[in-house]
Amino acid sequence: MYYLKAEASFDAAHFLAHYQGKCHNIHGHHWIVEMRISGSQLRTSTQENGMLVDFSQLKHDLKTIVDTMDHTLIYETGTLREQTRTALTEDGFSLTEVSFRPTAENFAKFFFECMTTRGYTVTESTVYETPNNCASYTGEEV
């Protein structure tokens, strides 16, 4: 089995609605996303001979997904009032609405699924919220 790992990062703010603690307030992180893919067969085409996937394509695909959240306020559906969203948008702020609570754990699963949808065999998705704290998702049920 062959494994490749690519990394991308983004800077974004979020908050955890209904959380009892500092993370209830809007705050930011330098998020780092590591994507690990696997496969048993290397390619044989002239351009990609001996490669599982061209690293440039893997990095491009991951960056394309991650860049949609760069320098935005990420919020869970239903946690900001319509007036708040309207005011922030009118003032030129970029907002990203997600259907899940924006935690490192949920982001790990989200990015896993996004890359899987793009045709990759993802073995692990890891999201660092801080340099010392990360969450990983493998798609395996315990």
Side-chain angles (χ1 to χ4, degrees), residues 1-82 84-89 91-142:
M1 189 64 62
Y2 298 95
Y3 297 94
L4 298 180
K5 185 165 60 170
E7 181 180 296
S9 63
F10 64 103
D11 297 297
H14 76 141
F15 64 95
L16 301 179
H18 314 294
Y19 180 80
Q20 306 259 335
K22 293 191 294 185
C23 292
H24 174 74
N25 291 311
I26 295 172
H27 61 285
H29 295 286
H30 176 71
W31 304 86
I32 297 173
V33 181
E34 290 181 351
M35 194 62 49
R36 187 173 186 227
I37 67 166
S38 66
S40 59
Q41 298 293 317
L42 299 181
R43 303 212 174 157
T44 58
S45 69
T46 302
Q47 177 70 13
E48 296 178 334
N49 188 26
M51 298 178 185
L52 181 60
V53 168
D54 190 325
F55 269 116
S56 64
Q57 187 63 52
L58 175 61
K59 292 186 302 184
H60 173 269
D61 288 344
L62 181 57
K63 185 176 179 346
T64 298
I65 296 164
V66 165
D67 280 354
T68 64
M69 297 189 179
D70 192 37
H71 284 80
T72 67
L73 169 59
I74 301 166
Y75 68 97
E76 180 181 6
T77 302
T79 61
L80 285 179
R81 293 180 298 157
E82 183 178 344
T84 303
R85 291 191 317 270
T86 300
L88 288 170
T89 301
D91 285 342
F93 291 97
S94 179
L95 307 177
T96 300
E97 182 178 345
V98 294
S99 62
F100 52 85
R101 195 173 200 198
T103 62
E105 295 89 340
N106 284 328
F107 278 129
K109 182 178 182 184
F110 173 79
F111 292 122
F112 182 102
E113 291 172 346
C114 287
M115 290 296 283
T116 299
T117 299
R118 288 182 176 249
Y120 291 98
T121 303
V122 180
T123 56
E124 184 174 49
S125 170
T126 300
V127 175
Y128 284 83
E129 188 174 274
T130 70
N132 298 319
N133 299 304
C134 67
S136 295
Y137 181 76
T138 63
E140 297 172 9
E141 297 294 324
V142 180

Original post:
Checking side-chain hydrogen bond (donor to acceptor under 3.5 Å, both in side chains) for the pair N133/T130: CA distance, chi angles, key distance, verdict?
Top reply: CA-CA 5 Å; N133 299 304; T130 70; 2.9 Å; yes
Please report the shortest heavy-atom distance between [X] and [Y], naming the atom on each side.
{"X": "A17", "Y": "R101", "value": "O-NH2, 3.0 Å"}
{"X": "T68", "Y": "I65", "value": "OG1-O, 2.7 Å"}
{"X": "L52", "Y": "S38", "value": "CD2-C, 3.8 Å"}
{"X": "S125", "Y": "A108", "value": "OG-O, 2.9 Å"}
{"X": "E48", "Y": "R43", "value": "OE1-NH1, 2.8 Å"}
{"X": "T72", "Y": "S94", "value": "CG2-OG, 3.1 Å"}

To the nearest 0.5 Å, how far apart are [atom1] in [X] and [atom2] in [Y]?
{"X": "D70", "Y": "F10", "atom1": "CG", "atom2": "CZ", "value": "8.0 Å"}
{"X": "M69", "Y": "L95", "atom1": "CE", "atom2": "CG", "value": "13.0 Å"}
{"X": "H29", "Y": "H14", "atom1": "NE2", "atom2": "NE2", "value": "3.0 Å"}
{"X": "M51", "Y": "Q47", "atom1": "CE", "atom2": "CD", "value": "6.5 Å"}
{"X": "T79", "Y": "I74", "atom1": "OG1", "atom2": "CD1", "value": "11.5 Å"}
{"X": "M1", "Y": "S40", "atom1": "CE", "atom2": "OG", "value": "5.0 Å"}

Do the non-hydrogen side-chain atoms of [X] and [Y] ever get within less than 4.5 Å of each other?
{"X": "R36", "Y": "V122", "value": "no"}
{"X": "L4", "Y": "M35", "value": "no"}
{"X": "Y19", "Y": "N25", "value": "no"}
{"X": "P102", "Y": "E76", "value": "yes"}
{"X": "V53", "Y": "Y120", "value": "yes"}
{"X": "S9", "Y": "V66", "value": "no"}
{"X": "I37", "Y": "L58", "value": "yes"}
{"X": "Y3", "Y": "T123", "value": "yes"}

Original post:
Under 3.5 Å, side chain of D91 to main-chain N/O of F93, donor-acceptor pair present?
Top reply: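 No.
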Original post:
Is the backbone N or O of E82 less than 3.5 Å from a side-chain atom of T86, with the two atoms forming a donor-acceptor pair by type?
Top reply: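 The answer is yes, because a donor-acceptor pair under 3.5 Å joins these two groups.
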With a 6.0 Å cut-off on the ring centroids, do [X] and [Y] count as close?
{"X": "Y75", "Y": "F15", "value": "no"}
{"X": "F111", "Y": "Y137", "value": "no"}
{"X": "W31", "Y": "Y128", "value": "no"}

Original post:
Going by distance alone, is a donor N or O of one side chain under 3.5 Å from an acceptor N or O of the other, for E124 and T138?
Top reply: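 Short answer, no.
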Original post:
Do other residues, nucleotides or ligands put more than 12 heavy atoms under 6.0 Å from the NE2 atom of H24?
Top reply: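 Result for NE2/H24: open.
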Subject >> OH/Y2: more than 12 non-hydrogen atoms of other groups inside 6.0 Å >> reply: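 No, the 6.0 Å shell around OH holds no more than 12 heavy atoms from other groups.
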Subject >> Identified side chain to side chain contact (heavy atoms under 4.5 Å, CB included) counterpart of C134 within the set I32, V33, T126 >> reply: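 Exactly one option meets the side chain to side chain contact (heavy atoms under 4.5 Å, CB included) with C134, and it is T126.
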Original post:
What's the verdict on side-chain contact (heavy atoms from CB on, under 4.5 Å) for H60 and F55, showing C-alpha distance, side-chain angles and the deciding distance?
Top reply: CA-CA 8 Å; H60 173 269; F55 269 116; over 6 Å; no
**OP:** Applying side-chain contact (heavy atoms from CB on, under 4.5 Å), run through C114 and R118 and close with a yes or a no.
**Re:** CA-CA 7 Å; C114 287; R118 288 182 176 249; 5.8 Å; no
